[in-house]
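Keep in mind that the numbers below use all heavy atoms, side chains included, and drop hydrogens, waters and symmetry copies. Sequence lines set the chain letters: A, B, ... in the order given, protein chains first and strands last, and positions in each chain run from 1.
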2 protein chains.
Amino acid sequence: MPYSIKAAAARCGLSEYTLRYYDKAGLLPFVARDASGYRAFTDGDMALLHTIICLKNTGMRIDDIRTYIQYVMAGTSTVAKRRALLQKHREAVAAKQRAIAENLKEIDYKLAMYEDPQAAQLVARELAAASQDKQAANLPDAFAGIH
Amino acid sequence: MPYSIKAAAARCGLSEYTLRYYDKAGLLPFVARDASGYRAFTDGDMALLHTIICLKNTGMRIDDIRTYIQYVMAGTSTVAKRRALLQKHREAVAAKQRAIAENLKEIDYKLAMYEDPQAAQLVARELAAASQDKQAANLPDAFAGIH
DNA sequence: ATAGACCTTAGAGTGTGCTCTAAGGCAACC
DNA sequence: GGTTGCCTTAGAGCACACTCTAAGGTCTAT
(Lines give C-alpha, C1' and ligand atoms only; values in the text may rest on other atoms or scores of the structure.)
Protein backbone atom coordinates (compact mmCIF):
# COMPACT_ATOMS: atom_id res chain seq x y z
CA MET A 1 0.00 0.00 0.00
CA PRO A 2 2.63 2.67 0.77
CA TYR A 3 4.71 4.22 -1.99
CA SER A 4 8.49 4.13 -2.39
CA ILE A 5 10.23 7.46 -2.93
CA LYS A 6 10.34 6.72 -6.65
CA ALA A 7 6.59 6.06 -6.81
CA ALA A 8 5.82 9.09 -4.64
CA ALA A 9 7.98 11.30 -6.87
CA ALA A 10 6.21 10.05 -9.98
CA ARG A 11 2.80 10.69 -8.40
CA CYS A 12 3.48 14.24 -7.19
CA GLY A 13 5.66 15.42 -10.07
CA LEU A 14 8.71 16.26 -7.99
CA SER A 15 12.08 14.56 -8.39
CA GLU A 16 13.35 12.04 -5.84
CA TYR A 17 16.13 14.55 -5.13
CA THR A 18 13.61 17.20 -4.27
CA LEU A 19 11.65 14.89 -1.99
CA ARG A 20 14.84 14.00 -0.08
CA TYR A 21 15.73 17.68 0.07
CA TYR A 22 12.30 18.49 1.48
CA ASP A 23 12.65 15.71 4.04
CA LYS A 24 16.07 17.02 5.08
CA ALA A 25 14.56 20.51 5.32
CA GLY A 26 11.94 19.26 7.79
CA LEU A 27 8.97 19.33 5.46
CA LEU A 28 8.24 15.61 5.68
CA PRO A 29 8.54 14.61 9.36
CA PHE A 30 5.40 12.49 8.94
CA VAL A 31 6.87 10.12 6.35
CA ALA A 32 7.62 6.79 8.04
CA ARG A 33 10.44 4.33 7.33
CA ASP A 34 9.95 0.63 6.68
CA ALA A 35 12.05 -2.15 8.25
CA SER A 36 14.92 -1.45 5.82
CA GLY A 37 15.04 2.27 6.54
CA TYR A 38 13.30 3.13 3.24
CA ARG A 39 10.77 5.97 3.18
CA ALA A 40 7.18 4.75 2.92
CA PHE A 41 4.62 7.31 1.71
CA THR A 42 1.01 6.56 2.66
CA ASP A 43 -2.01 8.12 0.97
CA GLY A 44 -2.36 10.45 3.93
CA ASP A 45 1.26 11.52 3.41
CA MET A 46 0.53 12.21 -0.25
CA ALA A 47 -2.37 14.46 0.78
CA LEU A 48 -0.09 16.48 3.06
CA LEU A 49 2.57 16.55 0.34
CA HIS A 50 -0.08 17.93 -1.99
CA THR A 51 -0.68 20.79 0.42
CA ILE A 52 3.07 21.42 0.62
CA ILE A 53 3.27 21.61 -3.17
CA CYS A 54 0.30 23.96 -3.25
CA LEU A 55 2.04 26.31 -0.84
CA LYS A 56 5.32 26.02 -2.75
CA ASN A 57 3.61 26.73 -6.09
CA THR A 58 2.16 29.93 -4.69
CA GLY A 59 5.60 31.11 -3.62
CA MET A 60 5.74 30.19 0.04
CA ARG A 61 9.28 29.67 1.29
CA ILE A 62 10.54 26.34 2.54
CA ASP A 63 11.01 27.84 6.02
CA ASP A 64 7.39 28.95 6.24
CA ILE A 65 6.12 25.65 4.89
CA ARG A 66 8.14 23.93 7.62
CA THR A 67 6.48 26.14 10.21
CA TYR A 68 3.07 25.16 8.87
CA ILE A 69 3.96 21.45 8.94
CA GLN A 70 5.23 21.81 12.49
CA TYR A 71 1.85 23.26 13.44
CA VAL A 72 0.14 20.30 11.78
CA MET A 73 2.34 17.87 13.69
CA ALA A 74 1.51 19.62 16.95
CA GLY A 75 -2.19 18.76 16.70
CA THR A 76 -5.44 20.66 17.04
CA SER A 77 -4.07 23.22 19.50
CA THR A 78 -2.35 25.06 16.61
CA VAL A 79 -5.46 25.64 14.52
CA ALA A 80 -5.41 29.40 15.21
CA LYS A 81 -1.74 29.63 14.21
CA ARG A 82 -2.35 27.67 11.01
CA ARG A 83 -5.27 29.93 10.17
CA ALA A 84 -3.18 33.07 10.72
CA LEU A 85 -0.30 31.71 8.62
CA LEU A 86 -2.61 30.71 5.78
CA GLN A 87 -4.55 33.97 5.89
CA LYS A 88 -1.35 35.94 5.58
CA HIS A 89 -0.20 33.77 2.72
CA ARG A 90 -3.58 33.98 1.02
CA GLU A 91 -3.32 37.76 0.98
CA ALA A 92 0.22 37.64 -0.41
CA VAL A 93 -0.93 35.32 -3.20
CA ALA A 94 -3.91 37.53 -4.00
CA ALA A 95 -1.61 40.56 -4.19
CA LYS A 96 0.72 38.69 -6.53
CA GLN A 97 -2.27 37.73 -8.64
CA ARG A 98 -3.29 41.36 -8.95
CA ALA A 99 0.27 42.38 -9.84
CA ILE A 100 0.46 39.74 -12.56
CA ALA A 101 -2.89 40.83 -13.98
CA GLU A 102 -1.60 44.41 -14.21
CA ASN A 103 1.64 43.39 -15.87
CA LEU A 104 -0.26 41.18 -18.27
CA LYS A 105 -2.25 44.21 -19.39
CA GLU A 106 0.99 45.95 -20.25
CA ILE A 107 2.31 42.98 -22.15
CA ASP A 108 -0.94 42.88 -24.09
CA TYR A 109 -0.59 46.58 -24.86
CA LYS A 110 2.91 46.00 -26.25
CA LEU A 111 1.71 42.96 -28.15
CA ALA A 112 -1.13 44.91 -29.73
CA MET A 113 1.45 47.34 -31.05
CA TYR A 114 3.56 44.57 -32.56
CA GLU A 115 0.44 42.96 -34.06
CA ASP A 116 -0.69 46.19 -35.68
CA PRO A 117 -0.38 46.25 -39.49
CA GLN A 118 1.56 49.51 -39.04
CA ALA A 119 3.81 48.04 -36.36
CA ALA A 120 7.00 49.08 -38.13
CA GLN A 121 5.92 52.71 -38.22
CA LEU A 122 4.83 52.74 -34.59
CA VAL A 123 8.15 51.25 -33.55
CA ALA A 124 10.04 53.72 -35.73
CA ARG A 125 8.24 56.55 -33.97
CA GLU A 126 9.27 55.20 -30.53
CA LEU A 127 12.82 54.95 -31.77
CA ALA A 128 12.83 58.53 -33.05
CA ALA A 129 11.49 59.82 -29.73
CA ALA A 130 14.14 57.92 -27.75
CA SER A 131 16.80 59.27 -30.11
CA GLN A 132 15.61 62.85 -29.64
CA ASP A 133 15.66 62.36 -25.86
CA LYS A 134 19.37 61.65 -26.06
CA GLN A 135 20.18 64.55 -28.32
CA ALA A 136 18.14 66.99 -26.25
CA ALA A 137 20.35 66.00 -23.30
CA ASN A 138 23.59 66.22 -25.31
CA LEU A 139 24.27 62.54 -24.74
CA PRO A 140 25.71 59.93 -27.11
CA ASP A 141 22.74 58.42 -28.94
CA ALA A 142 22.61 54.63 -28.78
CA PHE A 143 19.68 54.68 -31.19
CA ALA A 144 21.39 56.71 -33.91
CA GLY A 145 21.38 55.04 -37.29
CA ILE A 146 18.84 52.34 -36.36
CA HIS A 147 15.88 52.09 -38.68
CA MET B 1 17.04 66.46 -17.50
CA PRO B 2 18.56 62.95 -17.35
CA TYR B 3 18.62 60.99 -14.10
CA SER B 4 21.64 59.75 -12.18
CA ILE B 5 21.69 56.07 -11.23
CA LYS B 6 20.50 57.02 -7.76
CA ALA B 7 17.54 58.98 -9.11
CA ALA B 8 16.71 56.27 -11.64
CA ALA B 9 16.80 53.64 -8.90
CA ALA B 10 14.49 55.68 -6.71
CA ARG B 11 12.06 56.17 -9.59
CA CYS B 12 11.86 52.54 -10.68
CA GLY B 13 12.07 50.90 -7.26
CA LEU B 14 15.19 48.85 -7.97
CA SER B 15 18.46 49.26 -6.07
CA GLU B 16 21.47 50.93 -7.66
CA TYR B 17 23.20 47.56 -7.37
CA THR B 18 20.48 45.92 -9.41
CA LEU B 19 20.61 48.58 -12.10
CA ARG B 20 24.38 48.11 -12.43
CA TYR B 21 23.87 44.36 -12.49
CA TYR B 22 21.29 44.72 -15.26
CA ASP B 23 23.64 46.95 -17.21
CA LYS B 24 26.45 44.43 -16.84
CA ALA B 25 24.05 41.70 -17.95
CA GLY B 26 23.31 43.58 -21.17
CA LEU B 27 19.83 44.79 -20.28
CA LEU B 28 20.64 48.49 -20.51
CA PRO B 29 22.77 49.02 -23.65
CA PHE B 30 20.72 52.14 -24.40
CA VAL B 31 21.76 54.03 -21.25
CA ALA B 32 24.28 56.70 -22.21
CA ARG B 33 27.22 58.08 -20.21
CA ASP B 34 27.87 61.73 -19.53
CA ALA B 35 31.26 63.43 -19.87
CA SER B 36 32.41 61.96 -16.53
CA GLY B 37 31.47 58.40 -17.41
CA TYR B 38 28.35 58.48 -15.21
CA ARG B 39 25.20 56.75 -16.44
CA ALA B 40 22.52 59.20 -17.60
CA PHE B 41 18.97 57.83 -17.74
CA THR B 42 16.60 59.75 -20.04
CA ASP B 43 12.80 59.54 -19.87
CA GLY B 44 12.90 57.23 -22.87
CA ASP B 45 15.33 54.99 -21.01
CA MET B 46 12.96 54.92 -18.04
CA ALA B 47 10.16 53.77 -20.33
CA LEU B 48 12.27 50.90 -21.63
CA LEU B 49 13.35 50.08 -18.07
CA HIS B 50 9.70 49.97 -17.15
CA THR B 51 9.14 47.31 -19.80
CA ILE B 52 12.14 45.36 -18.49
CA ILE B 53 10.68 45.43 -14.98
CA CYS B 54 7.31 44.34 -16.31
CA LEU B 55 8.91 41.32 -17.96
CA LYS B 56 10.97 40.56 -14.85
CA ASN B 57 7.92 40.81 -12.59
CA THR B 58 6.13 38.25 -14.69
CA GLY B 59 9.00 35.80 -14.32
CA MET B 60 10.99 36.30 -17.51
CA ARG B 61 14.65 35.40 -17.14
CA ILE B 62 17.42 37.94 -17.53
CA ASP B 63 18.70 36.08 -20.60
CA ASP B 64 15.36 36.33 -22.36
CA ILE B 65 14.94 39.97 -21.43
CA ARG B 66 18.37 40.62 -22.94
CA THR B 67 17.24 38.95 -26.15
CA TYR B 68 14.19 41.20 -26.25
CA ILE B 69 16.31 44.31 -25.67
CA GLN B 70 18.70 43.22 -28.40
CA TYR B 71 15.74 43.03 -30.77
CA VAL B 72 14.69 46.53 -29.74
CA MET B 73 18.19 47.83 -30.38
CA ALA B 74 18.21 46.23 -33.82
CA GLY B 75 15.32 48.39 -35.03
CA THR B 76 12.05 47.79 -36.84
CA SER B 77 13.27 44.71 -38.71
CA THR B 78 12.87 42.62 -35.55
CA VAL B 79 9.19 43.37 -34.96
CA ALA B 80 8.17 39.80 -35.83
CA LYS B 81 10.74 38.34 -33.43
CA ARG B 82 9.63 40.66 -30.63
CA ARG B 83 6.01 39.68 -31.25
CA ALA B 84 6.87 35.97 -31.12
CA LEU B 85 8.89 36.36 -27.93
CA LEU B 86 6.16 38.37 -26.23
CA GLN B 87 3.40 36.03 -27.39
CA LYS B 88 5.22 33.05 -25.92
CA HIS B 89 5.81 34.91 -22.68
CA ARG B 90 2.20 36.08 -22.57
CA GLU B 91 1.01 32.48 -22.73
CA ALA B 92 3.44 31.44 -19.98
CA VAL B 93 2.18 34.24 -17.74
CA ALA B 94 -1.46 33.35 -18.44
CA ALA B 95 -0.72 29.71 -17.56
CA LYS B 96 0.92 30.78 -14.33
CA GLN B 97 -2.08 32.93 -13.57
CA ARG B 98 -4.40 29.98 -14.03
CA ALA B 99 -2.19 27.80 -11.83
CA ILE B 100 -2.19 30.40 -9.06
CA ALA B 101 -5.97 30.73 -9.26
CA GLU B 102 -6.31 26.95 -8.83
CA ASN B 103 -3.93 26.87 -5.89
CA LEU B 104 -5.70 29.80 -4.31
CA LYS B 105 -8.93 27.79 -4.38
CA GLU B 106 -7.21 25.05 -2.41
CA ILE B 107 -5.81 27.49 0.12
CA ASP B 108 -9.30 28.91 0.56
CA TYR B 109 -10.67 25.41 1.08
CA LYS B 110 -8.10 24.79 3.83
CA LEU B 111 -8.78 28.20 5.32
CA ALA B 112 -12.50 27.54 5.42
CA MET B 113 -11.77 24.44 7.48
CA TYR B 114 -9.63 26.38 9.94
CA GLU B 115 -12.27 29.11 10.16
CA ASP B 116 -15.06 26.65 10.90
CA PRO B 117 -16.39 26.78 14.47
CA GLN B 118 -15.77 23.02 14.59
CA ALA B 119 -12.25 23.34 13.20
CA ALA B 120 -10.67 21.37 16.02
CA GLN B 121 -12.93 18.40 15.37
CA LEU B 122 -12.34 18.48 11.61
CA VAL B 123 -8.59 18.59 12.16
CA ALA B 124 -8.80 15.78 14.71
CA ARG B 125 -10.60 13.65 12.13
CA GLU B 126 -7.84 14.25 9.55
CA LEU B 127 -5.29 13.32 12.16
CA ALA B 128 -7.08 10.08 13.03
CA ALA B 129 -7.30 9.11 9.36
CA ALA B 130 -3.59 9.74 8.81
CA SER B 131 -2.82 7.74 11.92
CA GLN B 132 -4.90 4.80 10.73
CA ASP B 133 -3.11 4.95 7.36
CA LYS B 134 0.16 4.28 9.12
CA GLN B 135 -1.14 1.47 11.27
CA ALA B 136 -2.87 -0.23 8.34
CA ALA B 137 0.56 -0.33 6.65
CA ASN B 138 2.36 -1.55 9.78
CA LEU B 139 4.48 1.57 9.87
CA PRO B 140 5.63 3.67 12.82
CA ASP B 141 2.95 6.30 13.40
CA ALA B 142 4.27 9.85 13.51
CA PHE B 143 0.80 11.05 14.48
CA ALA B 144 0.37 8.77 17.49
CA GLY B 145 -0.42 10.60 20.70
CA ILE B 146 -1.21 13.93 19.03
CA HIS B 147 -4.56 15.42 19.95
C1' DA C 1 42.42 72.52 -1.27
C1' DT C 2 39.90 69.65 1.31
C1' DA C 3 35.57 67.48 2.74
C1' DG C 4 31.67 65.07 1.46
C1' DA C 5 28.55 63.14 -1.60
C1' DC C 6 28.24 61.25 -5.66
C1' DC C 7 29.85 58.12 -9.35
C1' DT C 8 32.89 54.13 -11.56
C1' DT C 9 34.76 49.10 -11.98
C1' DA C 10 35.98 44.22 -10.98
C1' DG C 11 35.09 40.75 -8.49
C1' DA C 12 33.70 38.35 -4.20
C1' DG C 13 29.83 36.85 -1.31
C1' DT C 14 24.91 35.59 -0.26
C1' DG C 15 20.40 33.20 -0.28
C1' DT C 16 17.28 30.02 -2.19
C1' DG C 17 16.16 25.84 -4.05
C1' DC C 18 17.37 22.43 -5.94
C1' DT C 19 20.53 18.68 -8.34
C1' DC C 20 23.90 15.51 -8.36
C1' DT C 21 27.88 12.40 -6.78
C1' DA C 22 30.05 9.04 -3.93
C1' DA C 23 29.96 5.35 -1.02
C1' DG C 24 27.41 1.95 0.58
C1' DG C 25 23.15 -1.11 2.44
C1' DC C 26 19.10 -4.18 1.18
C1' DA C 27 16.30 -7.47 -1.60
C1' DA C 28 15.13 -10.38 -5.45
C1' DC C 29 16.49 -13.29 -9.09
C1' DC C 30 19.68 -16.47 -11.82
C1' DG D 1 27.12 -15.85 -4.47
C1' DG D 2 26.96 -12.45 -7.89
C1' DT D 3 24.27 -9.08 -10.59
C1' DT D 4 20.69 -5.76 -10.79
C1' DG D 5 17.95 -2.30 -9.11
C1' DC D 6 16.21 -0.12 -5.59
C1' DC D 7 17.13 2.53 -1.41
C1' DT D 8 20.18 5.31 2.15
C1' DT D 9 23.36 9.35 3.71
C1' DA D 10 26.54 13.37 3.65
C1' DG D 11 28.05 16.70 1.30
C1' DA D 12 29.53 19.05 -3.01
C1' DG D 13 28.00 21.70 -7.00
C1' DC D 14 24.95 24.55 -9.69
C1' DA D 15 21.77 28.28 -11.44
C1' DC D 16 19.85 32.45 -10.67
C1' DA D 17 19.49 37.01 -9.19
C1' DC D 18 21.10 39.85 -6.72
C1' DT D 19 24.11 42.40 -2.98
C1' DC D 20 28.05 44.13 -1.35
C1' DT D 21 33.15 45.50 -0.89
C1' DA D 22 37.34 47.67 -2.29
C1' DA D 23 39.79 50.91 -4.67
C1' DG D 24 39.48 54.84 -6.85
C1' DG D 25 37.67 58.97 -9.99
C1' DT D 26 34.48 63.41 -10.15
C1' DC D 27 31.80 67.34 -8.66
C1' DT D 28 30.28 71.01 -5.46
C1' DA D 29 30.69 73.91 -1.67
C1' DT D 30 33.28 76.15 1.78
Item to check | Short side-chain N/O contact to dT9(D) OP1/OP2 from Arg20(A), under 4.0 Å | outcome: no

Item to check | Value in whole Å for how far the P atom of dA17(D) lies from CG of Leu55(B) | outcome: 13 Å

Item to check | Upstream residue (5' side of DNA chain D) when Arg33(A) and Ala35(B) are each assigned their closest nucleotide | outcome: Arg33(A)

Checklist outcome for this item: Asp23(B) atom CG is separated from dT8(C) atom P, nearest whole Å, by 9 Å

Checklist entry - Counting side-chain heavy atoms from C-beta on, which of dC18(D), dT9(D), dA10(D) comes nearest to Ile62(B)? => result dC18(D)

Item to check | Polar contact flag, side-chain donor to acceptor under 3.5 angstrom, Thr42(A)-Asp45(A) | outcome: yes

Checklist entry - Atom CD of Glu16(B) and atom P of dA5(C): how far apart are they, to the nearest Å? => result 14 Å

Next on the checklist: Does Arg11(B) have more than 12 heavy atoms from other residues, nucleotides or ligands lying within 6.0 Å of its CZ?
Outcome noted: no

Next on the checklist: Without decimals, in angstroms, what is the distance between Ile5(B) CD1 and dG25(D) P?
Outcome noted: 19 Å

Next on the checklist: Any side-chain N or O of Tyr22(A) below 4.0 angstrom from OP1/OP2 of dC18(C)?
Outcome noted: yes

Checklist entry - Say you draw a straight line from CE of Met46(A) to CD1 of Ile53(A); how long is it, rounded to the nearest 0.5 Å? => result 7.0 Å

Checklist entry - So, is Arg39(B) near the phosphate of dT9(C), with a side-chain N or O under 4.0 Å from OP1 or OP2? => result yes

Checklist entry - Can you tell me how far P of dA17(D) sits from CD1 of Ile53(B), to the nearest Å? => result 15 Å

Item to check | Whole-Å gap separating P (dC6(D)) and OH (Tyr3(A)) | outcome: 19 Å

Next on the checklist: Base, sugar-phosphate or nothing for Lys6(A)? Non-hydrogen atoms, less than 4.0 Å.
Outcome noted: sugar-phosphate

Checklist entry - To the nearest angstrom, how far is Asp63(A) atom CG from dG17(C) atom P? => result 7 Å

Next on the checklist: Here's a test of your reading of the structure: between Lys24(B) and Ala7(B), which maps to the more 5' nucleotide of DNA chain C?
Outcome noted: Ala7(B)

Checklist entry - Are Leu49(B) and Tyr38(B) connected, step by step, through hydrophobic side chains (Ile, Leu, Val, Met, Phe, Trp, Tyr) whose heavy atoms are closer than 4.5 Å? => result no

Item to check | Note, Leu27(B) side chain near Tyr21(B) side chain (heavy atom, < 4.5 Å) | outcome: no

Item to check | Base of dG25(D) paired with side chain of Tyr38(B) (donor-acceptor, under 3.5 Å) | outcome: yes

Item to check | Closest-nucleotide ordering on DNA chain D, the 5'-leading residue of Arg61(B) and Ser36(B) | outcome: Arg61(B)

Checklist entry - Between dT9(C) atom P and Tyr17(B) atom OH, what is the distance in whole Å? => result 14 Å

